[in-house]
Amino acid sequence: MEKIGGGRTSELFGGFVTFLRKCLFKVISVGPIPNHIAFIMDGNRRYAKKKNSATVTGHRAGYSSLMSLLTYCYELGVTYVTVYAFSIDNFRRSPDEVKYLMDLMLEKIEGLLKQGNIINQYGIKVHFIGNLKLLSEPVRLAAEKAMKATANNKKAVLLVCVAYTSYDEIVHAVQDSCKSKRKEIQMLPGSLVRRGASEGFREHEKINDLAIHDIQESCKDRLHGSEARHLLEGSFENSSADVATKTPNGLIEEVEGCEMQRKVPSIELADVEEHMYMAVAPDPDILIRSSGETRLSNFLLWQTTTCPLYSPAALWPELGLWHLVWAVLNFQRSYRYLETKRKKMRED
Ligand code: FPP
Ligand code: MG
């Protein structure tokens with residue numbers, strides 16, 4: 001009976017605390033609220049050590065802290081939250097710790113799919129960001145299942161970076177940009193791409209899977225005199241008519257006059273950005289790293305050029321409401337300055 005009474009009291013107290021927190025958030029919301037907050041969770045093992053308990057306890061406490069902070073963020077009206085849960089470098093930790101973290105991840109991802117949790121409560125769409133091929137199959141499948149199950153959620157977004165580093169993300173984005181550029185070029189009817197005028201026509205590599213040599217040969221029959229010489233010697237700097245159309249089976253279908261349409265394939269900034277894993281979210285407005293560390297540890301290097309870093313001394317499992325509130329107040333204080341900077345960067 002006493003237990004029931006105690007339970008009721010703590011329920012009432014919990015309700016009152018939530019009410020106070022929501023009042024506080026209402027006041028804070030008078031100012032601008034960050035659209036995207038990113039967290040580097042750091043200090044779980046130090047926390048465990050401080051408490052004289054096993055490392056794994058630190059990671060479990062870290063997960064609880066993450067759930068509280070997510071709740072606060074979404075209550076406050078933040079739309080995107082990104083967390084650095086496991087970097088590619090973390091695979092170098094002891095096999096036991098890696099296994100423990102993967103098991104924890106699997107358990108928690110499966111938990112996220114159950115009814116009555118934070119995902120359903122706030123209508124969160126979950127993205128797992130990183131080189132997911134590096135994960136064990138059960139974790140990867142669970143992550144894919146969670147993304148599929150939450151794909152239609154619209155109110156908020158959670159990005160969990162696993163098997164992630166910025167270097168890997170950037171390399172992957174450049175590689176994918178090249179692949180899609182190549183595809184784009186192949187789709188262009190009648191366009192022939194050259195590497196550069198100075199390299200000479202004969203030296204060009206096979207582009208569009210169409211050997212330049214084949215075109216030269218096809219053109220030879222149709223061109224005469226100096227026109228042919230120009231083409232074969234690569235002096236078509238500014239001509240623009242179609243030269244050939246490649247059919248799906250790789251043959252030249254049509255050669256009209258054999259003048260060259262030059263199109264130099266180049267990878268632009270926008271191409272790379274489009275292929276980032278993080279392209280599903282705007283850049284973060286605040287980056288918070290616990291444990292007083294100010295290193296970025298290969299996290300969102302591309303996306304944080306104008307993003308302030310807040311690094312409270314608290315270890316990750318100790319991070320709480322007041323750290324978040326302080327970070328948001330600081331963001332509000334520098335909001336105008338940061339907006340001007342961002343605007344300027346977009347214009348440049
Ligand atoms: C950093 O502390 C924490 C990690 C590397 C792991 C964090 C992962 C979780 C809490 C699980 C998240 C799961 C989901 C599904 C989101 P540290 O180990 O670097 O501690 P230290 O800095 O004291 O050594
Ligand atoms: Mg650490």
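Along the sequence shown, residues are numbered consecutively beginning with 1. Remember, it's 1-based here, ligands and their atoms both numbered in the order they're listed.
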>> side chain to side chain donor-acceptor pair (under 3.5 Å) for Glu268 and Ser266? Distances and angles first, verdict last.
In response: CA-CA 6 Å; Glu268 308 291 336; Ser266 63; 2.8 Å; yes
Numbering the atoms of ligand 1 from 1, which are under 4.0 Å from a heavy atom of [X]?
X: Met105; answer: 13 (C), 14 (C)
X: Arg46; answer: 21 (P), 22 (O), 23 (O)
X: Leu66; answer: 16 (C)

Looking only at heavy atoms of [X], does any of them come nearer than 4.0 Å to an atom of ligand 1?
X: Ser291; answer: no
X: Asp42; answer: yes
X: Tyr63; answer: yes
X: Arg93; answer: yes

Sidechain-backbone polar pair: [X] side chain, [Y] backbone, donor-acceptor under 3.5 Å:
X: Tyr74; Y: Val157; result: yes
X: Thr57; Y: Ser53; result: no
X: Thr165; Y: Asn298; result: no
X: Asn153; Y: Ile124; result: yes
X: Glu347; Y: Arg342; result: no

> What atom name does the N, O or S atom of Asp42 nearest to the Mg ion (ligand 2) carry?
Replying inline: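 The Asp42 atom nearest to the Mg ion (ligand 2), restricting to N, O or S, is OD1.
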>> I need the single residue from Leu135, Leu134, Val139 that forms a side-chain contact (heavy atoms from CB on, under 4.5 Å) with Val162. Which is it?
In response: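 With Val162 as partner, Leu135, Leu134, Val139 yield a single side-chain contact (heavy atoms from CB on, under 4.5 Å), made by Leu135.
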> When you look at Phe86 and Phe91, which way does the ring-ring contact (aromatic ring centres under 6.0 Å, His included) test go after all the steps?
Replying inline: CA-CA 8 Å; Phe86 195 87; Phe91 281 113; 4.9 Å; yes
>> Rounded to the nearest 0.5 Å, what separates atom OG1 in Thr304 from atom CG in Leu309?
In response: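 Thr304 atom OG1 to Leu309 atom CG measures 8.5 Å (nearest 0.5 Å).
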So which heavy atom in the protein is nearest [atom], and how far is it from that ligand atom?
atom: atom 6 (C) of ligand 1; result: Ala85 O, 3.4 Å
atom: atom 3 (C) of ligand 1; result: Asn44 ND2, 3.3 Å
atom: atom 11 (C) of ligand 1; result: Leu104 CD2, 4.1 Å
atom: atom 9 (C) of ligand 1; result: Met41 CE, 4.1 Å
atom: atom 15 (C) of ligand 1; result: Lys108 CB, 3.9 Å

>> If I take every N, O or S atom of Glu293, is at least one of them less than 2.8 Å from the Mg ion (ligand 2)?
In response: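 No - counting backbone and side chain alike, Glu293 has no N, O or S atom under 2.8 Å.
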Are any of the N/O atoms on [X], whether in the backbone or the side chain, positioned under 3.5 angstrom from an N/O atom of ligand 1?
X: Arg45; result: yes
X: Glu97; result: no
X: Gly43; result: yes
X: Asn90; result: no

> Which of these, Tyr277, Tyr167, Trp302, sits in a ring-ring contact (aromatic ring centres under 6.0 Å, His included) with His172?
Replying inline: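 In the set Tyr277, Tyr167, Trp302, the residue that makes a ring-ring contact (aromatic ring centres under 6.0 Å, His included) with His172 is Tyr277.
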> Which bit of His59 gets closer than 4.0 Å to ligand 1, counting heavy atoms only: side chain, backbone, both or neither?
Replying inline: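 His59 to ligand 1: contacts from backbone and side chain alike.
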> How far apart are the C-alpha atoms of His323 and Glu318, what are their side-chain angles, what is the distance that settles it, and do they pass the side chain to side chain donor-acceptor pair (under 3.5 Å) test?
Replying inline: CA-CA 10 Å; His323 300 106; Glu318 298 166 341; over 6 Å; no
> Have Gln303 and Glu169 got a donor and an acceptor in their side chains that come within less than 3.5 Å?
Replying inline: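 Yes.
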